[in-house]
Amino acid sequence: MRKWSRLVGYVVLIGLLLIVPQFVRDPRWMHLVIMTGLYIILAGGLRLIMSTGQVSFAHAAFWGIGAYTSTLLVMRLGVSFWIALPLSGLVGAIVASLIGYPCLRLKGPYFFLVTMVVGEILRLFLTNSVDFFGGDAGISSIPSPNRIRIGNWAIAFPYRSVNYYYLMLVGLFVSLFVYYRLERSRFGMICSGVRADGSLSESLGVNVMKYKLTAFVVGSLLASLVGSFFAHYTTFISPGFFTFNESTIMLIMVVIGGLESTTGAIIGVILITVLTELTREFSKYEIIVYGAALVLVFRFAPGGIFDLYRKFISRLRSHRASVA
Amino acid sequence: MSFLIFSQTFVNALLLSLIYVLVAMGLTLILSIMSMINFAHGELYMFGGFGVYVILQRFGYNYWLGVLVGVLIAVLAGVLLERTVFRPLRKELLPASFAALGVGMILQTVALMIFGPLDKDVPTVFPGVINISGVFIPMEKLVIVLGSLAVIGAIIVFVNYFRAGQALQAVAQDSEAAALMGININRINALGFGIGCGLAAVAGGLIAPLYYVSPYMGMSPLLKAFNVIIIGGLGSIPGAVLGSFLLGFIDQFSLTYLGYVGNIVGFLLILLFLLFRPRGLLGREIQMH
Amino acid sequence: MKTTKGFIGVMFILALAILLIAPSVELALAQESQILKIGGFNPRSGPAASWGLNTDRAIDLGADEWNKKGGVTIQGKKYKIEMIHEDDKARAEEAVKAVNKLIYTDKVKFIAGPMMSSPFLASAPIIEATKTITFVGCMAPAVLKDRKYIFRITVPWNHAAPAFFKYVTKIRPNLKTSVHISSNDATGWSSTQADNDSCVAVGIKVLGSEFYDAGTQDFTSMLARILPLKPDFLSFAGTPPNITALVIKQARELGYKGQFIHSSNCSPDVVGPIAGWENIEGMLLGTFTINGEKVPATVKKIHNDWIAKYGQENAGGFGDGIVQYPLIDILSRGVEKANSLDPDKIVTALENLGTMDTVFGKARWGGMETYNNNHQLLIPIWVSQVQNKKLVLLSLEEPWDVPPPEQKWR
Amino acid sequence: MLLEVRGLTKYFGGLAAVREVDFDAKSGGIMGIIGPNGAGKTTVFNLMTGVHTPSSGKIIFKGEDITGCKPNMAASKGIARAFQQATLFNNKTVLDNMLMAFYLESKFKLRDAIFETSSVREREEEIKRKAYEVIEFVGLGGMAEKPVKSLPHGHRKCLGLAMALAVSPELLLLDEPVGGMNTAETTNMMKLIKMLEERGMTILLVEHNLRAVMNLCKRIVVLNFGRKIAEGSPEEIRNDKSVIEAYLGADFRAA
């Protein structure tokens with residue numbers, strides 16, 4: 001029974017996602033859907049990192065690292081996108097482990113301070129090197145991914161074509177699979193254990209450092225991959241995309257949705273992206289709303305919206321039980 | 001000639017360092033007591049600025065009155081915030097810090113709605129420049145320096161010679177033990193948070209005439225303050241002072257002698273610190289729940 | 001169980017999202033004629049808001065003028081102009097979303113006034129792809145190079161500065177050496193590049209150029225480098241007024257006696273109070289003004305309209321905002337000349353407008369040499385100076401169609 | 001000899017929490033460490049489990065020098081520990097706590113998370129079974145699904161012990177196992193500890209409740225101000241001058 005409903009869930013979800021382009025023909029909303037997908041991958045990664053009790057303010061920076069690596073590989077060295085994509089992921093992972101290894105062993109705010117500084121240094125670095133990284137005017141007209149041939153039919157990626165959506169979808173499925181497996185397996189259990197009480201976990205034999213580092217590297221790696229895709233999708237990147245503020249927004253998405261689970265992060269992303277788009281004319285109140293949300297969530301609902309929804313459901317259940 | 005540049009730079013560095021001290025002090029105090037990063041510090045700094053702007057510029061009253069008003073409001077706000085938002089989040093670093101981030105966002109937008117986005121000017125309160133054989137010291141900076149020194153002195157005296165101050169110290173070192181000693185943690189936290197916010201406002205009020213006042217005036221000082229406390233050691237007040245001087249001098253000299261490349265030097269230094277001496281110069285690891 | 005609930009949650013939200021999207025797709029189809037929709041996107045919230053809002057206001061005032069005349073005439077039909085301003089929050093990503101909305105939902109054929117390079121460049125591909133005729137106010141060279149549907153209404157430094165400094169040498173022959181101060185970003189670099197090149201072109205010796213990082217408030221270290229060089233004047237370009245003011249103030253405090261010059265748009269109403277009016281007496285600016293001394297009556301009128309519509313705030317209308325006042329005027333002329341709404345026809349019509357006399361003086365299209373299209377408006381540079389707390393217009397200078405040769409400075 | 005502690009010393013800042021302490025523990029049997037407050041009992045545990053690294057001295061476990069190895073290493077070598085103020089994962093249920101505790105048993109690899117092979121699933125099922133066993137053993141049967149927040153102090157302590165057992169230790173360190181318990185809970189806990197001893201487990205416990213210590217332990221080590229002032233059988237300790245002084249007599253004779 002349980003297996004069944006789960007299977008149905010999968011099928012319906014995938015079906016739904018596959019036919020989205022059928023009734024979202026307007027490029028505006030198509031773009032929004034794609035960006036939402038990308039943000040889900042990003043936020044999910046951040047959620048993963050946060051599940052070990054750490055926060056990375058460099059998440060947008062890794063997004064940027066991916067974008068710039070891939071862009072430079074393709075434009076300067078003429079590497080194919082399909083090679084640049086994994087390479088940029090690799091670079092992200094390496095940088096992550098270089099930063100994470102010395103800093104994650106420390107209690108307290110050190111790690112997120114480090115990541116803050118890292119993000120800022122990246123920005124300064126990019127803006128200062130005009131000749132190579134294009135300064136803060138960024139890099140324009142980034143080539144789109146070259147066509148894939150399978151037998152005698154090929155998939156091309158002209159500017160803004162729907163194929164980007166399907167490419168994004170593949171990435172989304174893969175990363176969601178990873179996120180959910182990590183969350184629902186013993187890995188997730190240990191991460192939350194580490195977050196709840198590091199020393200207790202250690203006394204039970206858990207190598208806390210290893211789990212923090214793994215989470216950070218995996219999250220950053222996926223962020224870099226997103227960056228690579230993003231660069232070739234929008235064909236323009238500049239340091240402005242990848243600042244501290246962007247990280248903060250991702251963070252707010254995760255927190256509001258609920259960092260107890262990947263689903264929470266997903267909900268947060270969809271909610272914020274859709275709402276901000278639908279309430280454009282009120283954009284000047286956006287910041288205050290974010291602020292209020294942050295305070296309220298941390299003060300009253302640390303589990304975020306998804307947790308509230310869960311509690312609500314379970315209350316309904318128990319209520320029904322008591323009625324019956 | 002080059003000696004003149006050096007000595008001018010040296011003086012500038014001295015002045016800048018003391019400005020940094022002023023901003024970093026409150027941040028590190030709150031960090032040591034509540035073990036949270038007060039992301040709203042910049043906005044409380046803004047309180048001081050607008051206090052001066054409103055009292056002095058709008059109503060034309062005395063400058064110091066403006067500072068005072070700003071500080072009082074900030075302290076009140078601080079106590080209120082501690083009571084309503086931060087008390088339940090005590091010793092929970094990330095929740096508290098991000099709640100603070102949210103508070104900052106709110107305060108900023110409110111200020112934006114009241115005063116508008118344009119930069120407000122605050123007239124020079126202490127005009128004139130002292131010229132010591134080619135080395136120039138603006139009067140108003142001198143005032144800030146004195147103010148900053150006064151604040152440092154006051155804090156030292158308060159923390160060491162007043163019961164509340166000693167309690168503050170005890171809580172900062174080990175709140176559980178302090179509680180056992182019969183200290184009312186809640187009251188001390190409120191006090192500490194209030195003082196921290198007050199310090200931010202003092203800084204804002206003193207520095208306002210130097211620059212200009214706007215809802216975003218807190219941003220860059222806050223960033224500097226972060227760097228200062230990272231170098232000096234999180235939650236250590238002497239560390240904050242030391243860090244301010246180190247960073248102040250490095251900023252000034254690197255910018256003077258390396259030009260705009262110097263911008264990145266400070267950050268690299270901080271990164272090195274975080275990687276190789278994360279506790280900073282005088283820091284200790286902060287106690288978590 | 002957990003998993004299922006998770007996925008049900010996701011699907012629920014997805015469905016919600018799509019339901020929210022669907023109606024607005026329908027909405028997009030509703031379209032009535034007789035209205036000429038012109039879109040715009042600029043920062044209208046966040047630190048850059050005042051900048052963006054001023055620009056939009058200036059453009060709206062321009063639109064009002066035409067609507068008073070009954071609108072734009074195309075094939076005998078009168079089209080009222082309707083402005084739709086979007087907020088890009090100064091973020092490239094948001095700009096793309098804004099442009100998507102304007103083009104695909106509001107179905108605008110024209111976009112007016114984006115004045116931040118990075119957000120504009122991010123959205124430029126869509127604009128070109130959809131043949132949306134766009135008048136921009138942002139300065140980066142990449143903005144205009146090889147574009148077909150993008151025109152630039154503001155005169156970038158490398159065209160303006162030479163004319164400006166030529167005039168400076170004429171009225172202040174004693175100014176022989178300079179140091180240039182600018183922000184450490186694309187804007188700062190290109191403006192400084194232009195200023196330096198122009199100074200060399202007109203025979204002023206450049207002793208150095210300095211760059212400050214965003215958020216800097218203490219410039220003493222920079223000034224400690226500069227002042228010993230004893231430049232005749234400090235030159236700013238593309239530096240926001242508040243920063244300019246701080247530098248001036250601190251320079252005077254450190255005993256600088258020389259002149260200050262700002263070769264592009266900058267509002268003395270902001271600089272004066274912060275820097276102290278006495279410190280900027282005689283400062284030369286290359287900025288437009290609508291309430292300065294000796295400005296033509298037509299321009300004074302804009303000032304009155306501004307106050308009538310928006311009150312005193314920024315009534316100076318200086319800075320990068322008011323520059324774009326003539327935008328709608330020029331665009332409308334182009335549309336009327338083309339007498340159709342076909343983008344390509346309008347582009348050719350615009351290109352062939354010849355000499356237009358705008359409220360800010362006689363203007364024409366140029367820039368073929370630099371951007372390999374004639375989409376750069378060459379509108380006169382206003383040189384004015386500060387005299388006892390007022391800005392006094394000195395002269396209108398024709399910008400250079402071909403900028404002076406670039407040298408290596410950084 | 002299962003455990004040899006030699007010249008163990010730890011300085012915090014200036015002052016020594018533990019000074020030149022050495023004692024041995026044969027495998028099997030219960031050994032007690034007692035002493036007045038601040039005698040450094042818990043610190044000794046922290047040093048043995050690698051929470052702190054000794055300033056000097058050696059800790060030899062099964063002939064292997066484990067001085068200053070990380071807590072998780074200590075655990076994997078077979079030293080488990082139940083904390084003083086029953087430290088648990090408070091936002092979880094009893095069962096989840098146990099499953100967490102069986103970390104070492106699970107031999108968990110990252111790829112197991114991604115590719116959930118049948119073998120992994122079997123392993124997890126096995127662990128669940130064991131978890132229930134242990135829960136049963138410590139007398140929390142039927143509370144597996146309860147959130148630990150709701151447990152009374154005694155039960156929390158039991159769960160703490162159960163979690164330590166999940167590490168399947170050869171040496172079990174109990175920090176005040178009956179601390180803050182009522183008599184019923186105390187007797188129950190003591191029964192548990194005796195059972196474990198019968199199973200041939202070596203137990204080292206720090207305790208204030210002297211009565212409990214006296215009738216549990218074969219050997220007792222007495223610390224005062226970080227120094228070892230006496231070691232021996234309960235009787236010897238009872239009549240040891242220095243110990244009596246250390247405890248200012250009173251409550252001691254009572255025991």
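Below, read A as the first sequence line, B as the second, and so on, with proteins coming before strands; counting in each chain starts at 1.
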Side-chain donor-acceptor contacts of residues 34-43 of chain A below 3.5 Å, not counting sequence neighbours, with atom names and distances?
residue: A:Thr36; atom: OG1; partner: A:Leu32; partner atom: O; Å: 2.6
residue: A:Tyr39; atom: OH; partner: A:Glu246; partner atom: OE1; Å: 3.3
residue: A:Tyr39; atom: OH; partner: C:Glu93; partner atom: OE1; Å: 3.3
residue: A:Tyr39; atom: OH; partner: C:Glu93; partner atom: OE2; Å: 2.7

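Identified under the salt bridge (Lys or Arg N to Asp or Glu O under 4.0 Å) test for residues 113-130 of chain C, with sequence neighbours left out: none.
Between chain A and the residues C:Ser117, C:Pro125, C:Ala140, the most heavy-atom pairs under 4.5 angstrom are made by C:Pro125. Put simply, of A:Gly264, A:Ala137, A:Pro27, A:Pro239, the one with the most heavy-atom pairs under 4.5 Å next to chain C is A:Pro27. In terms of non-hydrogen atom pairs under 4.5 Å with chain A, the most contact-rich of C:Ala98, C:Ala129, C:Gly46, C:Ala90 is C:Ala98.
A salt bridge is absent between C:Lys101 and A:Asp26; no separation between the charged side-chain nitrogens and carboxylate oxygens falls under 4.0 Å. With salt bridges taken as basic N to acidic carboxylate O contacts below 4.0 Å, none links A:Glu277 and C:Lys97.
Side-chain N or O atoms of A:Arg280 include one that pairs as donor or acceptor with a backbone N or O of C:Asp87 at under 3.5 Å.
Side-chain contact between A:Thr234 and C:Val96 is absent, with no heavy-atom pair separated by less than 4.5 Å. Side-chain contact between A:Glu286 and C:Ser45 is absent, with no heavy atoms from C-beta onward closer than 4.5 Å. C:Ser123 places none of its side-chain heavy atoms less than 4.5 Å from the side chain of A:Phe236.
Heavy atoms of A:Ser283 lying under 4.5 Å from chain C belong to its backbone as well as its side chain. Proximity to chain A (any heavy atom under 4.5 Å) is shown, for C:Ala49, by neither the backbone nor the side chain. Residue C:Ile103: no heavy atom, backbone or side chain, is found under 4.5 Å from chain A. A:Ile237 does not touch chain C: none of its heavy atoms, backbone or side chain, sits under 4.5 Å away. The parts of C:Ser118 that come within reach of chain A are both its backbone and its side chain, each placing non-hydrogen atoms under 4.5 angstrom from that chain. Residue A:Ile142: no heavy atom, backbone or side chain, is found under 4.5 Å from chain C.
Residue A:Lys284 qualifies as open at atom NZ: its count of foreign heavy atoms under 6.0 Å is 12 or below. Surrounding CZ of A:Phe282 are at most 12 heavy atoms belonging to other residues, nucleotides or ligands under 6.0 Å away. Around the OH atom of A:Tyr285, the shell of radius 6.0 Å holds no more than 12 heavy atoms that belong to other residues, nucleotides or ligands.
Each of C:Asn100, C:Asp106, C:Thr105 was compared with A:Arg28 under the side-chain hydrogen bond (donor to acceptor under 3.5 Å, both in side chains) criterion, and only C:Thr105 meets it.
A distance of 5.5 Å separates OG1 in A:Thr127 from CH2 in C:Trp189, rounded to the nearest 0.5 Å.
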